[in-house]
Amino acid sequence: MPQANDAVAALLTEYAELHLMTGGDQFRARVYDRAARAIAGHPQDVTQLSPAALQQIPGVGQAIAGKIAEIGATGTFAALERLRADIPDGVLELTRIPALGPKRALLLYRELHVGSPAELRDAIEAGRLAGLRGFGSKSEEKLLRGIELLEAAAGRVQLNVADETAARVVEVVSAVPGCLRCAPAGSLRRFAETVGDVDVLAAADDSGPLMAALTGMPEAESVIAAGPAKTSVRTAAGLQVDLRVVPLDAWGAALQYFTGSQAHNVAVREIAVRKKLKLSEYGLFDAVSGEKIVSRTEEEVYRRLGMAWIPPALREHTGEVAAALRGGLPALITESDIRGDLHTHTDLTDGVATLAEMVARAQARGYAYYAITDHAPDLVMQRMTDEKMLAQRAQVRRLAATLAPAAGGREPMALLHGTELNIAPDGTVDWPAEFLSGFDVCVASVHSHFDQARPAMTRRLVAACENPHVNIIGHPLARRIGRRPPVDVDLPAVFRACARTGTALEVNAHPGRLDLPSAHIKAARDAGVRFAVDSDAHSVGSLDYLRYGVGTAQRGWLTPDDVINAWPLPRLREFLRKGR
DNA sequence: GCCGTTTTCGGCCCGACTGTTTTCAGTCG
């Protein structure tokens, strides 16, 4: 998805929020919100489209098309600027706090002049909320917890944002004459859950033109530091980007050093010390003579230390160094091992692309199979019915029959018709067994009652696993990174239930979820659990988010054998039968 | 503000929960 669309969508969403906050018509706000989602998921750069083409996008009419044109020309639109003048930035930031919406956020601002989450915390701690309509002691507690969550994520961005920024920097720097190599490093290369700043490494004899290219990027709003070895800028979105330039000869040692993690580097350097060597970002040296031994590639550096090359996703000092020393690194799953996506949506529920559009993109990704799993009726706002679901199934079957064989004479992509069920507080799901048996695959997820106490939540998830038609537990901890904490659940008990019943746990690849989190994946795998790495795509472009799920699976040490959608279709189908 | 085999106006996704109230507004999915 073009990055320009995200910027347009963000402005339209902001307008909807401010409009709602100031008591504007809720339906107009909803239309702007819907248009924003459709634009974010639109495959072409909307600022390049004609008014007529814009109005083909669902939810975009004459007025919003005009606003988009205005954004294309000026970077914003007048109606938004009028609202911004009324309400300071921080008030919108207040609504990012869970359980605090536009109405109460505005009340806080109007009554107490609270204009940011930090000011809200001060106000709560000073007892200034006492007596304010709509705020009791429970609210205060909940808000303080929410502010904590928000602050923990402050200054860090989701993987996709860091990834897109890094890709732009690499593109620009690589194009400079004299640039010999350029690649992202740091926590982005390790597929960390969030990224604090973007590290990009380049190799060149003369760093000057490369640094100038970075500071000259239109996205570079301010220059934090500018030297020959390292230059840092801050983007308009507030993200810090560090570019480091090294001689080509030091590429491997520098890439190893700047990829981290710090704990991994400390462990690797200790190995070097024991071998009477010294490892730095400039190379691996003889500790006594100071003579350089290797530095050109990461592989050489690790090999000279007696280790196989360690995939970046493993470099967290959680056993990877010991495994590498004894030759026991796992053959990690890679994106090319994934044969299909088992959790995706269409515009039948809250997706923004049609079935045909989603399937076409899945085919272009080279998948052997692809599942459509729209929401089930208990998520009331999606207005799903038996009839709509059965009609979609017929449509899927018809479409499947028309798919052309893939390149190389392979079978045409198989289409699986599925659904994403809602796990009710008691562990039951939307439909009875008879109706469920008509699906090829069922994902089941928690979408409500996130605050259940641990015993109830554990019973709930275990009961879902025990349902003979539930194949995959979707986003098992139901967390939203920086937005909503994970549910409280006895994970070992859930892992045992999954292994016993043949239910896979999802590694949801959406960069705002990454759930099951990598920290828990290894334990689940050791308990005998299988996994499904899914995009949970709601648009054509977000099918590509799958790579973040693969990175998360790698951080959990998973191999293709652990991941059901890396299996050939017959083996997958056998798993989905769940012994029935 | 968008949309239409309900098509140029009058609807628009809606039910449940929570914490606050004392009958309901706000928030969420």
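Per chain, numbering begins at 1; letters A, B, ... match sequence-line order.
- Within the 4.0 angstrom heavy-atom criterion, no nucleotide atom of any strand lies near A:Gln26.
- Applying the side-chain contact (heavy atoms from CB on, under 4.5 Å) criterion to A:Ala123, with sequence neighbours excluded, gives A:Val114, A:Arg128, A:Leu129.
- Rounded to whole Å, the C1' atom of B:dG29 lies 11 Å from the corresponding atom of B:dC13.
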I would like to know whether A:Arg84 and A:Leu18 meet side-chain contact (heavy atoms from CB on, under 4.5 Å); could you show each step before the answer? CA-CA 8 Å; A:Arg84 279 177 168 176; A:Leu18 291 175; 4.1 Å; yes

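- A:Tyr545 and A:Tyr548 have tilted rings, their planes meeting at an angle from 30° to 60° on a 0 to 90° scale.
- The CD-C1' distance, from A:Gln452 to B:dT18, rounds to 15 Å in whole Å.
- The minimum heavy-atom distance between A:Leu546 and A:Val533, with the atom names listed, is CD1-O, 3.5 Å.
- Contacts of A:Ser137 with the nucleic acid, taken as non-hydrogen atoms under 4.0 Å apart, involve only primed sugar atoms and P, OP1 or OP2.
- Annotation: side chain of A:Thr503 is not in contact with side chain of A:Ile472 (no heavy-atom distance under 4.5 Å).
- In this structure, the nucleotide among B:dG1, B:dC13, B:dG19 sitting nearest to the side chain of A:Arg383 is B:dC13.
- B:dC24 sits 9 Å from B:dT20 when the C1' atoms are compared, rounded to a whole Å.
- Protein atom NE2 of A:His345 is 19 Å distant from nucleotide atom P of B:dC13, rounded to whole Å.
- When the C1' atom is compared between B:dG26 and B:dT21, the two are found 12 Å apart, to the nearest whole Å.
- Taking atom P on both B:dT18 and B:dC12, the two are 27 Å apart, rounded to the nearest angstrom.
- B:dC9 and B:dC14 have their P atoms separated by 24 Å, with the value rounded to a whole Å.
- Contact between the side-chain N/O atoms of A:Ser448 and the OP1/OP2 oxygens of B:dA16 is not found at any separation under 4.0 Å.
- Considering only side-chain atoms of A:Arg28, the nucleotide from B:dG1, B:dG29, B:dT20 that sits closest is B:dG1.
- For A:Arg28 and A:Tyr15, the positive end is not near the middle of the six-membered ring at less than 6.0 Å and at most 45° from its axis.
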Tabulate atom names and distances for all N/O pairs under 3.5 angstrom spanning the protein and nucleotides 3-12 of chain B.
{"unit_1": "B:dC3", "atom_1": "OP1", "unit_2": "A:Gly59", "atom_2": "N", "d": "3.0"}

Polar atom pairs (N or O), protein with nucleotides 25-28 of chain B, under 3.5 Å:
{"unit_1": "B:dT27", "atom_1": "OP1", "unit_2": "A:Gly101", "atom_2": "N", "d": "2.5"}
{"unit_1": "B:dT27", "atom_1": "OP1", "unit_2": "A:Gly101", "atom_2": "O", "d": "3.1"}
{"unit_1": "B:dT27", "atom_1": "OP1", "unit_2": "A:Arg104", "atom_2": "N", "d": "3.3"}
{"unit_1": "B:dT27", "atom_1": "OP2", "unit_2": "A:Pro102", "atom_2": "N", "d": "3.4"}
{"unit_1": "B:dT27", "atom_1": "OP2", "unit_2": "A:Lys103", "atom_2": "N", "d": "3.1"}
{"unit_1": "B:dT27", "atom_1": "O5'", "unit_2": "A:Gly101", "atom_2": "N", "d": "3.1"}
{"unit_1": "B:dC28", "atom_1": "OP1", "unit_2": "A:Ala99", "atom_2": "N", "d": "2.8"}

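- The side chain of A:Lys67 sits closest to B:dG1 out of B:dC14, B:dG1, B:dT20.
- The distance between atom CZ of A:Arg37 and atom C1' of B:dC2, rounded to the nearest whole Å, is 15 Å.
- For A:Ser437, the side-chain contact (heavy atoms from CB on, under 4.5 Å) partners at least two apart in sequence or on another chain are A:His469.
- In this entry the distance linking CG of A:Asp451 with C1' of B:dG29 reads 14 Å, nearest Å.
- Note that CD1 of A:Ile87 is 10.5 Å distant from CD of A:Glu17, once rounded to the nearest 0.5 Å.
- Cation-pi contact between A:Arg104 and A:Phe135: present, with separation from the ring centre below 6.0 Å and deviation from the ring axis of at most 45°.
- The distance between atom CG of A:Leu107 and atom C1' of B:dC24, rounded to the nearest whole Å, is 16 Å.
- Ring-centre distance between A:His447 and A:His449: not below the 6.0 Å cut-off.
- To the nearest angstrom, P of B:dC13 lies 11 Å from NZ of A:Lys388.
- Taking the centre and axis of the six-membered ring of A:Phe575, the NZ or CZ atom of A:Arg530 falls outside the cone set by 45° and 6.0 Å.
- DNA chain B is contacted by no residue of residues 476-483 of chain A, taking any non-hydrogen atom closer than 4.0 Å.
- To the nearest angstrom, C1' of B:dG1 lies 14 Å from CG of A:Leu20.
- Taken from CZ in A:Arg479 to CG in A:Leu514, the straight-line distance is 6.0 Å, to the nearest 0.5 Å.
- The separation between A:Phe135 atom CZ and B:dT21 atom P is 11 Å, rounded to whole Å.
- The side-chain contact (heavy atoms from CB on, under 4.5 Å) search around A:Lys138 returns none, not counting sequence neighbours.
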